[in-house]
Trainee: 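Handing you this structure, nothing more for now.
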Amino acid sequence: MRLPAFILKALAVGIIASQTSPDNPRNHHNVGPERFTMRVVAGALGNPWEITWGPDGYLWVTERSAFRVTRVNPADGSKHVAVTLDDAYQSVDQDGLLGLALHPDLLKQRGRDYVYIAYTHDVDPGQGVTRNLRVRQYTYDRSSQSLKAPIDLLDGLPAWDDHGGGRLIVGPDGKLYLSRGDHGANWLANACYPIRSQELPSADEVHARDWSKYQGKILRLNLDGSIPDDNPILNGARSHIYSYGHRNPQGLVFAKNGTLYSAEHGPSTDDELNLIAAGGNYGWPLVAGYKDDRSYAYSNWSASSPEPCATLKFSSLNIPASVPQTKESSFTGEFVAPLVTFFTVPPGYSLRDSGTATIAPAGLDLYTSKKIPGWADSLLVTGMRTGAIYRAKLSRDGRHVDGEPFEYFKAATRYRDIAINPDGLHIYASTDDHGATMGDRGQTAGVLANPGAILEFTYAVK
Ligand SMILES: [Ca+2]
Ligand SMILES: [Ca+2]
Ligand SMILES: [Ca+2]
């Protein structure tokens with residue numbers, strides 16, 4: 001019998017039996033007391049990845065595996081395909097058509113009806129697969145309701161089959177921000193590739209447009225794809241890199257005051273919400289979550305010696321002696337600690353006995369309305385592996401999270417992204433069309449409720 005990929009993945013990290021342990025912080029929730037009704041807005045979407053509320057009152061959706069940008073009317077679920085890419089490449093769960101961002105002047109009669117996307121393509125079709133990620137601008141044509149006049153802003157960004165980041169947003173500073181993952185290096189099938197999240201390009205590499213070190217970074221681009229003059233100088237060079245030391249940031253959101261937040265997928269513990277500062281090092285792979293030596297130590301499989309990595313069988317629980325390990329506490333460089341983690345485990349926590357403790361975060365948004373009491377200025381982050389959305393209340397200055405997050409909308413599904421209706425009463429979530437999530441007893445569930453859909457949650461005002 002051929003086992004599904006998510007079961008094989010769970011076996012590789014040795015976690016099947018231990019997921020329901022009461023010691024696992026994932027099994028303790030502050031369940032939010034507010035009541036919501038749920039409605040399926042639209043289904044049969046090809047892995048809806050980004051959902052963005054548009055100025056036209058539609059949800060702008062990227063269908064990752066169907067290569068479509070689709071506008072969905074939230075009132076009746078009708079779909080309007082704005083463009084279908086003919087050169088996107090997708091083979092696995094983390095590539096294809098990813099991020100989408102709308103120009104702030106879209107549909108404001110200012111001649112800037114621009115829509116930006118990020119997608120993977122194969123640079124040498126017919127000669128094996130070499131994925132690259134491309135950032136492209138389209139112009140929205142209102143009369144035909146379609147995206148036209150493609151211009152490639154930045155191309156040749158390295159991409160792989162795992163941990164692709166890919167979230168795209170326009171900041172209040174009029175720059176494009178794009179997250180890049182660490183390609184799943186040093187992990188599972190990619191265990192023998194080095195993680196490059198700490199590597200920074202030299203001035204010569206930037207000059208040669210060699211973007212190979214853009215893995216595990218958050219990038220900041222001018223709207224024409226060029227490097228902004230005020231990007232941080234790192235390692236003596238100014239590049240598109242805005243922050244580094246990331247694993248797989250799949251969520252980005254700005255507050256009105258210009259503060260940037262990210263949601264980042266951790267290893268077996270320590271998913272993070274981060275406040276992103278220019279030039280900041282977010283620690284990966286030397287530190288996961290806080291620098292606390294709990295559960296995580298950097299095991300560099302790619303540097304295994306004398307046994308070459310290729311001869312080893314990857315396991316996150318059994319680290320061979322030939323694989324160099326580095327404790328978090330031995331890293332003495334500057335790094336930015338997260339605002340909150342999912343989850344920091346207790347000292348002495350046993351991954352083997354109690355299982356992995358992550359939510360697998362993806363999309364991130366900021367709720368700013370006063371319509372739901374107490375929610376103003378809360379980060380909302382999707383949990384794919386836990387089938388829930390979490391609300392983390394920001395402090396008044398937005399630089400901290402107050403108290404423990406609350407869990408909402410629990411279901412056997414994988415919430416990929418989120419959008420908030422400006423009326424403050426409706427919240428939308430997109431769902432993957434396959435994969436593993438968590439059932440109500442903490443067990444792995446492979447049959448998803450409402451796969452490949454957009455769901456609407458309406459606050460039940462008393
Ligand atoms: Ca979104
Ligand atoms: Ca970090
Ligand atoms: Ca840690």
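In listed order, ligands and their atoms are each counted from 1. Numbering of residues begins at 1 and proceeds along the displayed sequence. None of these values were measured; they are calculated from a predicted model.
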Trainee: Do N73 and H80 have side-chain atoms, one donor and one acceptor, less than 3.5 Å apart?
Mentor: no
Trainee: Below the 3.0 Å mark, what number of protein N, O or S atoms do you get around the Ca ion (ligand 1)?
Mentor: 4
Trainee: Between D270 and R294, does a salt bridge (charged side-chain N to carboxylate O under 4.0 Å, His left out) hold up when you go through it step by step?
Mentor: CA-CA 10 Å; D270 292 291; R294 296 193 189 180; over 6 Å; no
Trainee: Do you know how many protein N, O or S atoms are within a distance smaller than 3.0 Å of the Ca ion (ligand 3)?
Mentor: 5
Trainee: Confirm or rule out an N/O/S atom of N274, from backbone or side chain, lying less than 3.0 Å from the Ca ion (ligand 2).
Mentor: no
Trainee: Less than 6.0 Å separating the ring centroids of Y177 and F254?
Mentor: yes
Trainee: Salt-bridge test for D417 and R167: reply yes if a basic N is under 4.0 Å from a carboxylate O, no otherwise.
Mentor: yes
Trainee: Strictly below 4.0 Å, N to O, side chains only: are R247 and E264 in salt-bridge contact?
Mentor: no
Trainee: Less than 4.0 angstrom from a charged side-chain N to a carboxylate O is my criterion; do R142 and D113 meet it?
Mentor: no
Trainee: Side-chain donor-acceptor pair under 3.5 Å between H183 and Y193, yes or no?
Mentor: no
Trainee: Quick check: F36 with F409 (ring centres under 6.0 Å apart)?
Mentor: yes
Trainee: Is a side-chain donor-acceptor pair under 3.5 Å present for Q90 with S65?
Mentor: no
Trainee: With the Ca ion (ligand 2) at the centre, find the angle made by O from Y282 and OE2 from E272, to 10°.
Mentor: 160°
Trainee: Would you say the rings of W49 and Y119 are close, in the sense that their centroids are separated by under 6.0 Å?
Mentor: no
